[in-house]
Amino acid sequence: MTGRPPAGAVIVTGSGSGVGAGTVVELAGRGYQVVASVHSRDRAAGLAGLVARSGVEIDVEELDVTDESSIPAFVDAVAARHGGLHAIVSSAGVMGVDTFENEDLASYRRTFDVNVFGPVALLKSGLPHLRAGGGRFIAVGSVAGVLGLPFQESYSGSKFALEGILEGFAPVARRVGVAVSIVEPGPISTDAVGRTDWARILDRAGPYEKVLRQYYDNAAARQGTLPELPATQTAAEVASAIADLLGSDDPPFRCQTAADTRLLIARKLADVNGETVGTVIGRWLDPAPSKTVE
Ligand SMILES: NC(=O)c1ccc[n+]([C@@H]2O[C@H](COP(=O)([O-])OP(=O)(O)OC[C@H]3O[C@@H](n4cnc5c(N)ncnc54)[C@H](OP(=O)(O)O)[C@@H]3O)[C@@H](O)[C@H]2O)c1
């Protein structure tokens, strides 16, 4: 897409922190009319800091993406105020770590409410506006939506569900003039990771404690040395990839935000019997060999 960004607003959900906050500032810097939809203004310090440093102007609104009844009015009001709706970037998400045995179904439901039903409700409400102007919907998925990750089964399941729903709808959306995409980042250095209560999880892990420790020791210590273990990106790098996708003339359905994640996802997508992924993940779960890793 060349020249000025199209008319109409871009709603970015979950923009109080992390990737959402970075995307708001990146898009505003590129000239889009951005509506930063934050879960709570009280917890939007990350966004406030970025906005103050960059000097961009944005419209900040509160929205809980699990509050299904408020979403249609929210979307309609944004479109009315900004002369239409060009795009929705769905970044709101929750992630958690636990053993499969310990995570209860209430946690699965909370995760799916935010990560699946939230974006689905937003897209459904946004479509009449997006159809009117050749609009776009970009969901922030994850490498965990293509490869099931150990100790993040509910999170992976929610991102898989989102992939499946959007993959089904994307070709239909194309035919009514709307481009639907999902970005698939690997690990990102945001607060979402720092919020994990390791002491509590390990304390309750019982027979899984050893393998859980090994998995996360590997993730922390062996990035860049273990083949296929993607390096951590910053929220700003992922935001820049999202902005490039939004600005592209012919956006793909799937967009990885880093080359190493793309390679890993390519192997998964070609892994018809699950053997390759089983081997790769197995290497993350097992103790590091004493000598340099290949
Ligand atoms: N961090 C990673 O390693 C990683 C990797 C791949 C993909 N992702 C994806 O990237 C996206 C952004 O995550 P992040 O890493 O930037 O983490 P983050 O900083 O925690 O951002 C997530 C945002 O979602 C908001 N949120 C949570 N529940 C919400 C709700 N019900 N309604 C509205 N907003 C809600 C949070 O607000 P509150 O804190 O106020 O609740 C927070 O601002 C997520 O979809 C995540 O799954 C993250």
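We number each residue from 1, following the sequence as shown. Every number for a ligand or one of its atoms is a count from 1 in the order of the listing.
For atom 6 (C) of ligand 1, the nearest non-hydrogen atom from the set Ala239, Gly186, Ala144, Gly93 belongs to Gly186.
The existence of a salt bridge linking Lys268 and Glu184 is excluded, since no basic side-chain nitrogen approaches an acidic carboxylate oxygen closer than 4.0 Å.
Considering backbone and side-chain N/O atoms, Ser142 never comes within less than 3.5 Å of an N/O atom of ligand 1. Checking only distances, Ser91 does come within under 3.5 Å of ligand 1, N or O to N or O. Between His39 and ligand 1, a contact under 3.5 Å exists for at least one N or O pair. Looking at Met95 next to ligand 1, no N or O pair under 3.5 Å apart turns up. Considering both main-chain and side-chain atoms, Val94 never comes within under 3.5 Å of ligand 1 through any nitrogen or oxygen pair.
Put simply, part of Lys159 is less than 4.0 Å from ligand 1, judged by heavy atoms. For the ligand labelled ligand 1, residue Gly118 lies outside the 4.0 Å heavy-atom shell. Contact analysis leaves Ser15 out of contact with ligand 1, as no non-hydrogen atom separation drops below 4.0 angstrom.
Looking at Ile188 against ligand 1, both its backbone and its side chain come within 4.0 Å, counting heavy atoms. In Val114, the part holding a heavy atom less than 4.0 Å from any atom of ligand 1 is the side chain. At a heavy-atom distance under 4.0 Å, no atom of Val38 approaches ligand 1.
The protein does not reach atom 36 (C) of ligand 1 closely, with no heavy atom under 4.0 angstrom from it.
Scanning the protein for heavy atoms near atom 19 (O) of ligand 1, the closest one is Ser17 OG, 2.8 Å.
Using modelled atom types, no side-chain atom of Asp191 and backbone atom of Ser17 make a donor-acceptor pair closer than 3.5 Å.
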